[in-house]
Amino acid sequence: MTPLWIIVVPWIMAPWAYLFRRRSAIAALLSAGTSLAVAVICFLLPPDQTVWILGRGLLFDPWRRWLLLFLFAGAVLLFLYSWHLSQGWSFFPFLLVTLGLLAGSAMVDNFLLAVLLLELAGITLAFLIQGGPRADPRVAMGYLVPLIIAGSCLIFSTHLFDLVALYPEDLVSVRLAMTALTLGFGILLAVVPFHLFLPAVAQEAPPMVATFLLGFYQVVALSLMVGLLDRQPWLGREAFDVLLVSGLITALGGGVFAFLERAPGRLLAYGAISNLGLILVGLGTASGVGVAGAMAHLINRSLAIALVAMGWGVISERYGGERYAMPMGVARALPWATLGYILGGLTLAGFPLTGFATRWPIYLALLSHNPLYTFGLILGGLGIAWGYLRSLTPILGRGERSAGGKEPLLAALMIVTLVGTSLLLGIYLDYLLEPLRNMVEGFSFIVG
Amino acid sequence: MLFSGEQLVWGLLFTAGLIAVVEEWRISLLALLTQYALVSFLLSGFLSPPLALAKIATGGVIFFILCPTAWRGRRKPPAKIASQEPTFATSFPFRLVGSALMGLIAYGLLHQYPWEGVPTPLAFASNFLMAMGLWTAILGRGPFRMGLGLLTFQIGFELLFTTWERSLLVAGLLGLVNILLALAIPYLEAVELARRGVER
């Protein structure tokens with residue numbers, strides 16, 4: 001079997017999901033089944049294969065194998081969740097198309113093509129962000145503007161790579177390439193201060209779309225950046241300094257914004273932004289511990305985002321589309337959704353037993369740089385913690401019971417499973433960290 | 001050659017200015033279509049004829065994707081939402097002065113970062129289109145105007161990038177980006193019109 005199936009299968013199934021879009025049970029099972037099948041293909045295919053299409057190589061190495069497995073396994077959860085809780089008419093077919101594009105972007109061994117496929121996937125996501133007539137279309141459009149700018153910056157940088165390769169002593173080209181990459185990835189990953197579009201998107205988009213954008217799309221974009229750092233040694237120490245500083249500003253800035261925020265969607269976005277800053281700091285240390293910690297935290301962050309979004313999705317759906325504030329007395333009516341929301345939030349904040357475990361290796365790696373940086377990261381986490389702990393007041397208060405009945409069983413089961421996974425990850429992190437450590441040791445930029 | 005390179009560049013500057021300054025949908029759409037044609041003529045010296053023709057075809061497809069939406073939204077909406085009210089930032093004089101400033105910025109960038117191997121008029125046209133596209137997208141009050149801005153930005157970017165990268169696959173993917181973007185615009189504009197109470 002060829003790795004090409006990983007890209008093609010979701011595209012083949014997307015029209016079928018579109019045909020059954022009004023029958024959510026069939027569309028959800030079809031889409032989840034497709035994602036599961038592709039995840040199994042990723043697991044069973046022997047790594048270190050290259051497929052050639054139109055003269056371009058598609059790589060399937062151990063790193064990409066785990067990335068794709070993570071992407072498609074996560075998509076199974078998102079599809080199943082959307083069975084009973086609608087995420088918009090376009091969710092199933094368009095997400096399948098996006099998955100195929102992202103898989104292509106992750107596998108193609110050419111930075112320019114990878115960026116173009118990532119941009120195409122991003123534009124497809126705009127249809128999902130809109131979701132339905134309720135959301136403000138200018139938010140989706142406001143997401144497309146930075147996406148196109150980021151894509152152009154990254155595409156432009158590929159020309160500068162050629163110039164740097166031809167004239168390595170030309171510092172202007174090096175500086176321009178660094179600027180284009182910083183701008184491109186900064187906007188794409190919503191690094192502070194380029195983050196302004198993301199909270200609005202997370203607030204307006206259906207919860208599973210926000211999860212996909214924050215927890216999966218950004219992971220593929222980040223892996224593209226890591227691949228670039230691995231293959232372009234001329235970027236040098238300066239690139240890692242940029243990562244360290246921008247990560248620190250993002251972690252701290254996201255925490256401060258989360259501290260001030262009350263709307264659940266925006267709070268989730270700021271929490272995710274702050275955690276992304278932490279991951280950038282981990283990568284910026286360029287040490288085995290720091291980078292492995294960043295990878296582990298990337299997984300934990302996606303789990304936490306999914307938990308918060310799933311919990312909030314149930315709450316907002318059962319409380320008649322309430323979107324801008326936490327309804328009163330939710331905990332009594334919807335206990336599992338509330339548990340997911342709070343535990344996911346605390347994981348993003350880095351609480352012991354959940355989010356702290358994957359933060360710890362990054363803190364350790366950072367101590368050798370500057371202990372003050374660690375303090376900044378902890379401060380960012382406290383801001384998120386305050387944001388989520390503050391929502392406990394309405395959650396635990398007395399209020400009207402849910403008008404829409406009980407929690408959907410499948411959603412509750414998924415929340416419980418994710419809570420369990422998150423706790424297990426917090427307790428037995430070593431089982432994840434060691435393989436990750438071995439994997440990242442292969443990167444050319446690791447210094448210790 | 002029907003037109004000289006300089007005339008084509010002037011045509012591009014004029015059409016980009018029209019899109020940024022004039023809100024009339026028919027003029028904006030025709031200006032966008034003209035831009036695609038002008039870019040194809042301008043790049044015909046760099047590209048193979050089929051690729052240059054493909055660029056015109058992409059423009060035509062985008063024009064026909066956007067036309068029905070623009071036609072549907074032509075009527076004055078019966079109920080405007082607060083954010084649709086005219087403000088100073090969206091007034092004609094502001095857009096005109098802002099566009100002139102964007103032109104100056106594009107000219108300044110040309111001298112700051114001259115691109116090796118790219119003719120100066122072409123580099124200026126590219127800078128100008130990107131600047132005007134961003135300006136239109138930032139000032140746009142709805143998906144349609146913002147989308148026109150983004151497409152103008154893309155035309156400017158491709159004008160520059162195509163002189164460096166002439167691969168058929170890359171050109172195809174860039175065309176796909178433009179078409180997908182053009183498909184998103186009517187979808188979002190339709191929702192916007194529905195929110196403003198315009199019946200289909």
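FYI, side chains are in, hydrogens and waters are out, and symmetry mates aren't considered; it's all heavy atoms of this structure. Sequence lines set the chain letters: A, B, ... in the order given, protein chains first and strands last, and positions in each chain run from 1.
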Please determine whether side-chain contact (heavy atoms from CB on, under 4.5 Å) holds for the pair S152(A) and E158(B), giving the CA-CA distance in whole Å, both sets of side-chain angles, and the decisive distance to 0.1 Å.
CA-CA 9 Å; S152(A) 302; E158(B) 280 181 42; over 6 Å; no
Contact winner vs chain B - L147(A), I155(A), L144(A), N110(A), heavy-atom pairs under 4.5 Å:
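Greatest number of close heavy-atom pairs with chain B: I155(A).
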Surrounding [atom1] of [X] (heavy atoms of other residues, nucleotides or ligands, distance under 6.0 Å), is the total greater than 12?
| X | atom1 | result |
| --- | --- | --- |
| R175(A) | CZ | no |
| W10(B) | CH2 | no |
| W16(A) | CH2 | no |
| E169(A) | CD | yes |

Please state whether the side chain, the backbone, both or neither of I138(B) comes within less than 4.5 Å of a heavy atom of chain A.
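When you check distances to chain A, no heavy atom of I138(B) falls under 4.5 Å.
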Contact class of Q154(B) relative to chain A, heavy atoms under 4.5 angstrom:
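Side chain only.
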Which distance, rounded to the nearest 0.5 Å, do you find between the [atom1] of [X] and the [atom2] of [Y]?
| X | Y | atom1 | atom2 | result |
| --- | --- | --- | --- | --- |
| L150(B) | I149(A) | CG | CD1 | 7.5 Å |
| L113(A) | L173(B) | CG | CG | 6.0 Å |
| L176(B) | E119(A) | CG | CD | 10.5 Å |
| L181(B) | M141(A) | CG | CE | 6.0 Å |
| I123(A) | I179(B) | CD1 | CD1 | 11.0 Å |

With chain A as the partner, which of L168(B), I185(B), L169(B) has the greatest number of non-hydrogen pairs under 4.5 Å?
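Among L168(B), I185(B), L169(B), the one with the most close pairs to chain A is L169(B).
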Are the aromatic ring centres of F127(A) and Y187(B) under 6.0 angstrom apart?
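Yes, close enough.
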Can you find a heavy atom in the side chain of P137(A) that is under 4.5 Å from one in the side chain of M146(B)?
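No, every pair of side-chain atoms sits at 4.5 Å or beyond.
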Are side-chain heavy atoms of T158(A) and E165(B) found at a separation under 4.5 Å?
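Sidechains of E165(B) and T158(A): no contact.
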Is it the backbone or the side chain of L112(A) that comes under 4.5 Å from a heavy atom of chain B, or both, or neither?
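Contact with chain B: side chain only.
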Please report the closest heavy-atom contact between R138(A) and R141(B), naming both atoms and the distance.
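Closest approach of R138(A) to R141(B): CD-O, 3.2 Å.
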